[in-house]
Amino acid sequence: MTAATTRRIAWVPTVALLVGALYCLLPVAWVVVAATKSGRELFSTFTFLPGTGFTDNVADLSAYRDGVYWRWMLNSLFYAGFGALLSTAVSALSGYALAVYRFRGRETLFNVLLAGVLMPPVILAVPQYLLMAKADMADSYLSVLLPLILSPYGVYLARIYAAAAVPPDVVEAGRMDGGGEWRIFRSVALPMMVPGLVTVFLFQFVAVWNNFLLPYIMLGDDQKFPVTLGLYTLLQQGSNTPALYTLVITGALLAVLPLIALFLVIQRFWSLDLLSGAVKS
């Protein structure tokens, strides 16, 4: 194989990555540009030509129904933030237990969790609604929050990460020093698992933030809607009131900003050394 042929082959993955990046970023670029356009400019100007109505769109969105959009954003922050935090805590405890302890049925339990990873959420949505309705909890914040606490994928990641990051010798040394199981987990294992748990938190936060089906089934009061469901209702009304399209587009752009901010804030944790927590403790 000649050097020229090698160079041509090397270009293939580069071009494929560029095409993939363009495919993913083009809709984002459209939303950014469209959010700057007024209702008249949205349907009368070139697609990627910026408009002059962004500030007016934000003002109109904030004024719509006395600022219900920001209520939706706060609801999403509550569902995603609190839900991801609880889910990460459950995943940390479960993953650590599955990685460190040896007990009968451990692998069977882990395989059941893997089956939960492969199961589409739509299959569970209706049974979850029936359970919440039976408990008289439908159309409440808890009806959306509780089903999100246990994440099979989060437990899977935590188990894999704990098995790689927490050496058995360190756990045994903690036991020999007289530490209880909870203290060993809290003071020794948990600092080692922080980079992996940050990943679990981010994945769960994004999944809950973008979740649409579960709130759509559980909730009837639009004051409890997350931003995804709220924007869907606006889009449905836009078929009769085209002026609402600009509000939907602007709301979609603003709804992405918390995810970008979260990623920028917590990405530094991924650079931590796996054993830095154990050294510090």
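One-based numbering along the sequence shown. Quick caveat, the model's predicted, so the values are computed rather than measured.
Remark: side-chain polar atoms of Ser140 are paired, donor with acceptor, to backbone N or O of Met137 under 3.5 angstrom. Distance alone, capped at 3.5 Å, is enough to place a donor-acceptor pair between the Asn75 side chain and the Gln223 backbone. A distance-only check finds a donor-acceptor pair linking the side chain of Trp209 to the backbone of Ala255 [under 3.5 Å]. Between the side chain of Ser187 and the main chain of Ile184, no donor-acceptor pair closer than 3.5 Å is present. A distance-only check finds no donor-acceptor pair linking the side chain of Trp70 to the backbone of Leu61 [under 3.5 Å]. For Thr246 (side chain) and Ser38 (main-chain N/O), no donor-acceptor pair under 3.5 Å exists by modelled atom type.
When the salt bridge (Lys or Arg N to Asp or Glu O under 4.0 Å) test is applied to Arg159, the partners found at least two apart in sequence or on another chain are Glu107. Tyr79 is linked by a ring-ring contact (aromatic ring centres under 6.0 Å, His included) to Tyr141, counting only residues two or more places apart in sequence or in another chain. Take Asp139 and apply the salt bridge (Lys or Arg N to Asp or Glu O under 4.0 Å) test, not counting sequence neighbours, and it matches no residue. Legend: residues meeting side-chain hydrogen bond (donor to acceptor under 3.5 Å, both in side chains) with Ser44, ordered by chain and number and at least two apart, are absent. Arg102 meets the salt bridge (Lys or Arg N to Asp or Glu O under 4.0 Å) test with no other residue; sequence neighbours excluded. For the ring-ring contact (aromatic ring centres under 6.0 Å, His included) test, no residue two or more places apart in sequence or in another chain qualifies with Phe203. Residues forming a salt bridge (Lys or Arg N to Asp or Glu O under 4.0 Å) with Asp221 (at least two apart in sequence, or on another chain): Lys224.
Annotation: side chain to side chain donor-acceptor pair (under 3.5 Å) contacts involving residues 247-262, sequence neighbours excluded, are absent. Among residues at least two apart or in separate chains, side chain to side chain donor-acceptor pair (under 3.5 Å) pairs with a member in residues 165-178 are Glu172-Arg175, Arg175-Glu181. Applying the salt bridge (charged side-chain N to carboxylate O under 4.0 Å, His left out) test to every pair with at least one member in residues 66-88, sequence neighbours left out, gives no pairs at all.
The local environment of CZ in Phe82 is sparse, with at most 12 non-hydrogen atoms from other residues, nucleotides or ligands closer than 6.0 Å. Heavy-atom contacts from other residues, nucleotides or ligands closer than 6.0 Å to CZ of Phe110 number more than 12. Within 6.0 Å of the CZ atom in Arg40, the count of heavy atoms belonging to other residues, nucleotides or ligands does not exceed 12. Applying the 6.0 Å contact sphere to CZ of Phe225 captures more than 12 heavy atoms from other residues, nucleotides or ligands. Other residues, nucleotides and ligands contribute over 12 non-hydrogen atoms within 6.0 Å of the CZ atom of Phe43. In this structure, Arg183 places its CZ atom where only 12 or fewer heavy-atom neighbours from other residues, nucleotides or ligands lie under 6.0 Å away.
At least one side-chain heavy atom of Leu98 sits under 4.5 Å from a side-chain heavy atom of Leu113.
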Got a list of side-chain donor-acceptor pairs under 3.5 Å for residues 28-37, not counting sequence neighbours?
unit_1	atom_1	unit_2	atom_2	d
Thr36	OG1	Val33	O	2.5
Thr36	OG1	Gly51	N	2.9
Lys37	NZ	Thr45	OG1	3.1
Lys37	NZ	Phe46	O	2.5
Lys37	NZ	Thr47	O	3.1
Lys37	NZ	Leu49	O	3.3

Solution key, residues 144-155 side-chain donor-acceptor pairs under 3.5 Å, sequence neighbours excluded:
unit_1	atom_1	unit_2	atom_2	d
Ser151	OG	Gly154	N	3.1
Ser151	OG	Gln204	OE1	3.4

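Using a 30° and 60° split on the angle between ring planes, Phe201 and Phe205 fall in the tilted class, from 30° to 60°.
Taking the six-membered ring for Trp, Phe212 and Tyr232 have ring centres closer than 6.0 Å.
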